[in-house]
Amino acid sequence: MDYTSNIQQLQLITSKFFQDEYNTHLEPKDIIVNVIAKDIQGDYSVVLFPFLKRFKTNPNELGDKLAAYYKQSAIGVQSHEIIKGFLNLTLKNTIWTSQLEAMLESGEDYGRQAANDNTVVVEFCSPNTNKPLHLGHIRNILIGWSASQILDFAGNTVKKVQIINDRGIAICKSMLAWLNYGEGATPETSNTKGDHFVGHYYVMFEQKFKAEYASWQETEPGKKAYADHGKEKELQEAFYKRYKNQYFNTASAIGEEARALLLKWESGDEATIALWKQMNQWVYNGFDITYAELGVDFDKLYYESDTYLLGKKMVQDGLDKEIFYKKDDGSIWVDLEAHKLDHKILLRSDGTSVYITQDIGTAIKRHEDFGFNKSVYVVADEQDYHFQALFATMKTIGFEFSDQLYHLSYGMVDLPSGKMKSREGTVVDADDLVVEVVDEAANAAKDSHNLVDLPEEEKQSIFTDIGLGALKYFILKVQPKKRMTFDPSQSVDMQGQTGPYIQNAYVRIRSVLSKVEMSEMELSSEYTWQPQEVNLLILLDQFGKVVVDSAKDLDPSNVAHYAFDLAKEYHKFYHDHRILTAETELAKAARLLLSHKVAQTLKQSMHLLGINMPEKM
RNA sequence: GGCUCCGUAGCUCAGCUGGAUAGAGCAGCUGACUUCUAAUCAGCAGGUCUCAGGUUCGAAUCCUGACGGAGUCACCA
């Protein structure tokens, strides 16, 4: 917890050097210290260029002075070399021993940052209740979960929440289809997972609607709509695509029915509410299974049906205070031009709420509940504008905490064939995907002699860890803001830069450690660390910085790449060095303890990604 | 069209708060298991960092502009 990395120490001492020698204050963090590039002699390098002009000196003079200063300080510089403006340092062997000792002392908490007073709310997943979760939700969930873990490990108090969009026209569509065609079926009678069950009726509604729309296009009113409203040179097909929503709201019989159901819901019609509750419950039961499969949970759930009224009230208040304005048709708007945005509708002319209305209510409730220092919304980048508008609206209303709202925007997931389109049935279902990756892991393990004797249940648990490890790592290794291509065949790869590769490094270590009594092992300052061991120590030393940076940027991919680098370096070390039959007892103990720390750090890194480590594979 | 984001090896991605010769993995080709777990390791090959200017000791990284791709600009969410 109070571990200070070598780079931090070098920065601190260098800052002190400039204070002592030049009577100038430099922020330690502004002093550039790098891990040395491969193929160059040394462990760390200090970049001298930035100081040369300022202190009217040259690299050799400054470098020698600095090196001399280091040598009398605690950092333990063994030797130095000045090359092209870089001061390259090799640390004393004993520094590595003492650093590893400090790491071991921190145990599982190595890398964890001291607790601060910040509460961070992280919203993620936030599904609609009319259909099952898909690949897009999976990226969302994994990013949100991992960001939460990282924030927690970085010292914050974290609250994981979601807003469930449980009301509105979408769920009414499913309800209507069930009423008309369900014949009283339930998830139990049809032996279907609840969310899929409800989704089935949603799809059914869309199909019926589509058919109705197609035949309407052949009727006189349908043709007339094209003639009247079609733009010049607009093809029929394009027009009808554009006109679909309007048709739904004005001419569609089935649309009329759905909207009538929504009105009944809003007026609190008992039977409608009961059905709505029932269908939502089916969906929640289904979601819960998916969350459990993915290994995620939430601290608090918000429901749109609970928050939209507060949102409406805030809009009314804002109107009363003339922060917002009303158009002649009765719709209420906010002018966000001061924020370089547009005008945004807050309430429809019929008084019903739109998306942003409930988001206002939700933000307020959330602030009341947690008094957060930061509230993070994990939502795809297609909603970038929406969140700008939401935050600006909150600011316009006058909420101080509006500056603490943050949209963690992530890119949408594409398939190799292009965009996922529900209409074309190319959406990858979350549950199917999980089954697929776990099957693939089982398939890859069928020849493993390490698992043959295990009970079936234990094997299944390992396959789940590995399959999910592959899937989660594949998604999390990409920076959130980048759009990513999801190639199903690549996502189940278990070789190279993958989750299983990292898990394998851990498993190898665990296997070795299981053959000795670790409590008898002691580090000795007599042992001279080998280059590959120093490489591992350099990586381990950086873990805290990785945690801090990842928390600051809300970027799990940073942790993912770190875990891979560490695993890769370990695999190499493992290949080239004997551990249990090391040259000397000193070497054996040193390597065992080093391996132990690597295993712990790998496990912790993967934990931050929401990935479990199996003990065998 | 306005605004926002992205553009690095055949493919998937790092590196981006400016630092040394731009890195991994996959795919391709060569090798290494009677050995602590080969889901591993080593090697070969693969680049105009989209392009053009600018800033500077130094630019994949910062700025400007172009080109290419995506998103958004709903009384949808």
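Each chain gets a letter, A, B and so on, in the order the sequences are listed, and its residues count up from 1. The structure presented is a predicted model; accordingly, all values stated were derived computationally and were not measured. Side-chain atoms are counted along with the backbone in the values below, which use heavy atoms only and exclude waters and symmetry mates.
The ring-ring contact (aromatic ring centres under 6.0 Å, His included) test applied to Phe239(A) returns Tyr226(A), Tyr243(A), not counting sequence neighbours. With sequence neighbours left out, the ring-ring contact (aromatic ring centres under 6.0 Å, His included) criterion links Phe248(A) to Phe209(A). For Glu81(A), there are no salt bridge (Lys or Arg N to Asp or Glu O under 4.0 Å) partners two or more places apart in sequence or in a different chain. Legend: residues meeting salt bridge (Lys or Arg N to Asp or Glu O under 4.0 Å) with Glu615(A), ordered by chain and number and at least two apart, are Arg510(A).
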Distances for protein N or O near nucleotides 55-57 of chain B N or O, under 3.5 Å:
unit_1 : atom_1 : unit_2   : atom_2 : d
C57(B) : OP1    : Lys53(A) : NZ     : 2.7

What nitrogen or oxygen pairs link the protein and nucleotides 68-70 of chain B at under 3.5 Å?
unit_1 : atom_1 : unit_2    : atom_2 : d
A70(B) : O2'    : Arg483(A) : NH1    : 2.8

All N/O pairs under 3.5 Å across the protein-nucleotides 39-41 of chain B interface:
unit_1 : atom_1 : unit_2    : atom_2 : d
A39(B) : O2'    : Asn504(A) : OD1    : 3.1
U40(B) : OP1    : Gly496(A) : N      : 3.4
U40(B) : O2'    : Arg508(A) : NH1    : 2.8
C41(B) : OP1    : Tyr501(A) : OH     : 2.4
C41(B) : O2'    : His575(A) : ND1    : 3.1

Extract from the structure each pairing of a protein N or O with an N or O of nucleotides 28-30 of chain B at less than 3.5 Å, listing the distance.
none

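A close approach under 4.0 Å does occur between a side-chain nitrogen or oxygen of Arg348(A) and OP1 or OP2 of A77(B).
Here C73(B) presents its P atom at 11 Å from CG of Asp342(A), a figure rounded to the nearest Å.
Sorted by residue number, the members of residues 127-137 of chain A with any non-hydrogen atom under 4.0 Å from RNA chain B read Asn128(A).
Nearest to the side-chain atoms of Lys482(A) among the listed nucleotides C36(B), U12(B), A14(B) stands A14(B).
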Would you mind writing out the side-chain donor-acceptor pairs for residues 405-413 of chain A within the sub-3.5 Å range, not counting sequence neighbours?
unit_1    : atom_1 : unit_2    : atom_2 : d
His407(A) : NE2    : Val379(A) : O      : 2.8
Ser409(A) : OG     : Asp384(A) : OD1    : 2.8
Tyr410(A) : OH     : Asn140(A) : ND2    : 3.1

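Pairs of Watson-Crick or G-U wobble type, with distances under 3.5 Å, assemble into runs of 3 or more in RNA chain B at these ranges: B:1-7 with B:67-73, B:10-13 with B:23-26, B:28-32 with B:40-44, B:50-54 with B:62-66.
Pairs passing the side-chain hydrogen bond (donor to acceptor under 3.5 Å, both in side chains) check and including a residue from residues 49-59 of chain A, sequence neighbours excluded, read Thr57(A)-Glu61(A).
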